[in-house]
Amino acid sequence: QVHLTESGGDSVQAGESLKLSCTVSGNILGNCEMGWYRQIPGGERRKVAGIRRRTGTITYDESVKGRFTLSQDKEDNSLYLQMNNIQTRDTGVYYCAVLYRDDLICTVRHWGQGTQVTVSS
């Protein structure tokens, strides 16, 4: 059984920084990617950043490039998201996710419970 637990969400002012953490329990061998997703009320979960397991390649949504940094502890698969110069548009629930290959596409198989980030101007 895989469990993902996010932490670090908070209410902050625009321009401040936060660091989100995701701890992993259970076996996630064979995954193709881990990532951070954001969801706003009434919206779908959208990937903010991801790291490919095989290559270590990290990708970011255009809206966070240069401000957010994803990192991973390879020993225990913990995932982190350093959020700098946070903007009001970054408000949402942030989810940690583990993806597996489904045919030719990496798709999410496991979600955490989410952590709320609220940014005020």
Side-chain angles (χ1 to χ4, degrees):
Q1 192 82 345
V2 174
H3 290 284
L4 309 176
T5 305
E6 302 95 335
S7 62
D10 204 348
S11 295
V12 296
Q13 297 285 321
E16 292 183 346
S17 297
L18 272 180
K19 187 172 184 177
L20 306 184
S21 301
C22 170
T23 59
V24 180
S25 65
N27 188 346
I28 61 168
L29 283 176
N31 76 86
C32 57
E33 184 172 348
M34 289 188 69
W36 286 98
Y37 289 69
R38 176 176 62 225
Q39 186 173 26
I40 60 174
E44 295 184 350
R45 293 179 190 183
R46 178 172 176 169
K47 188 161 69 175
V48 172
I51 180 168
R52 290 281 179 156
R53 181 188 62 81
R54 188 173 62 85
T55 63
T57 301
I58 299 175
T59 58
Y60 298 95
D61 183 82
E62 284 295 324
S63 67
V64 306
K65 276 185 180 178
R67 300 187 298 118
F68 290 10
T69 302
L70 181 151
S71 60
Q72 185 176 39
D73 184 333
K74 290 293 189 181
E75 288 195 2
D76 63 6
N77 293 312
S78 293
L79 202 66
Y80 305 94
L81 187 67
Q82 178 66 45
M83 308 166 69
N84 294 332
N85 189 23
I86 296 177
Q87 302 299 309
T88 54
R89 65 179 183 268
D90 298 323
T91 292
V93 180
Y94 284 73
Y95 295 89
C96 179
V98 180
L99 295 80
Y100 289 80
R101 193 165 299 279
D102 181 0
D103 200 358
L104 298 179
I105 302 172
C106 281
T107 58
V108 178
R109 187 180 296 179
H110 303 292
W111 292 103
Q113 85 289 348
T115 187
Q116 176 72 46
V117 174
T118 303
V119 187
S120 56
S121 57

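All figures in this text were calculated on a predicted structure; none of them were measured in a lab.
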Worksheet, complete the sentence: Contacts satisfying salt bridge (charged side-chain N to carboxylate O under 4.0 Å, His left out) that involve residues 110-121 (not counting sequence neighbours) are none
Show the atom names and distances, to 0.1 Å, of all donor-acceptor pairs under 3.5 Å that link a side chain in residues 22-34 to residues at least two apart or in another chain.
{"unit_1": "Ser25", "atom_1": "OG", "unit_2": "His3", "atom_2": "O", "d": "3.4"}
{"unit_1": "Asn27", "atom_1": "OD1", "unit_2": "Leu29", "atom_2": "N", "d": "2.8"}
{"unit_1": "Asn31", "atom_1": "OD1", "unit_2": "Glu33", "atom_2": "N", "d": "3.2"}
{"unit_1": "Asn31", "atom_1": "ND2", "unit_2": "Ile28", "atom_2": "O", "d": "2.8"}
{"unit_1": "Glu33", "atom_1": "OE1", "unit_2": "Arg52", "atom_2": "NE", "d": "3.2"}
{"unit_1": "Glu33", "atom_1": "OE2", "unit_2": "Lys47", "atom_2": "NZ", "d": "2.7"}

Worksheet item: Should Tyr95 and Val119 be counted in the same cluster of Ile, Leu, Val, Met, Phe, Trp and Tyr side chains packed under 4.5 Å apart?
Response: no
Worksheet, complete the sentence: Quick note, salt bridge (charged side-chain N to carboxylate O under 4.0 Å, His left out) partners involving residues 11-29, not counting sequence neighbours, are none
Worksheet entry | salt bridge (Lys or Arg N to Asp or Glu O under 4.0 Å) partners of Lys74, counting only residues at least two apart | none
Worksheet entry | Separation between CG of Leu20 and OG1 of Thr115, rounded to the nearest 0.5 Å | 6.0 Å
Discussion item. Could you report the tightest heavy-atom contact between Ala14 and Ser121, atom names first, then the distance?
Written reply: CB-CA, 4.3 Å
Worksheet, complete the sentence: Tyr60 meets the ring pair (Phe, Tyr, Trp, His ring centres under 6.0 Å) criterion, sequence neighbours left out, with none
Worksheet item: Which residues pass the salt bridge (Lys or Arg N to Asp or Glu O under 4.0 Å) test with Glu44, sequence neighbours left out?
Response: none
Worksheet entry | Whether over 12 other heavy atoms sit under 6.0 Å from Arg89 CZ | yes
Worksheet item: If Ile, Leu, Val, Met, Phe, Trp and Tyr residues are connected whenever their side-chain heavy atoms lie under 4.5 Å apart, and connections chain through other members, are Ile51 and Val48 in the same group?
Response: yes
Worksheet, complete the sentence: Here the ring pair (Phe, Tyr, Trp, His ring centres under 6.0 Å) pairs for residues 21-50, sequence neighbours left out, are Tyr37-Trp111
Worksheet item: With sequence neighbours left out, what residues match Thr118 under side-chain hydrogen bond (donor to acceptor under 3.5 Å, both in side chains)?
Response: Gln116
Worksheet item: Looking at Ala49 and Leu81, what are the two nearest heavy atoms and their distance?
Response: CB-CD1, 4.2 Å
Worksheet item: Are more than 12 heavy atoms from other residues, nucleotides or ligands located less than 6.0 Å from atom CD1 of Ile58?
Response: yes
Fill in: Hphob cluster co-occupancy, Tyr100 + Leu79, side-chain heavy atoms under 4.5 angstrom
yes
Fill in: Exercise: identify the closest heavy-atom pair between Asn77 and Gln72
O-NE2, 3.7 Å
Worksheet item: Does Asp73 reach the main-chain N or O of Glu75 with its side chain, forming a donor-acceptor pair under 3.5 Å?
Response: yes
Item to complete: Just jot down the side-chain hydrogen bond (donor to acceptor under 3.5 Å, both in side chains) partners of Asn84, sequence neighbours excluded, or say none.
Response: Ser17, Gln82
Practice prompt. Quick one: which residue pairs count as a salt bridge (charged side-chain N to carboxylate O under 4.0 Å, His left out) with a foot in residues 107-121, not counting sequence neighbours?
Written response: none
Worksheet item: Between CG of Leu99 and CD1 of Ile105, what distance do you get to the nearest 0.5 Å?
Response: 11.5 Å
Response to the item:
Result for side chain to side chain contact (heavy atoms under 4.5 Å, CB included) between Tyr94 and one of Met83, Arg45, Glu6, Gln39 points to Met83
Worksheet entry | Test side-chain hydrogen bond (donor to acceptor under 3.5 Å, both in side chains) applied to Ser63 - qualifying residues, sequence neighbours left out | Asp61
Worksheet, complete the sentence: By side-chain hydrogen bond (donor to acceptor under 3.5 Å, both in side chains), Asp90 pairs with (sequence neighbours left out) Arg67
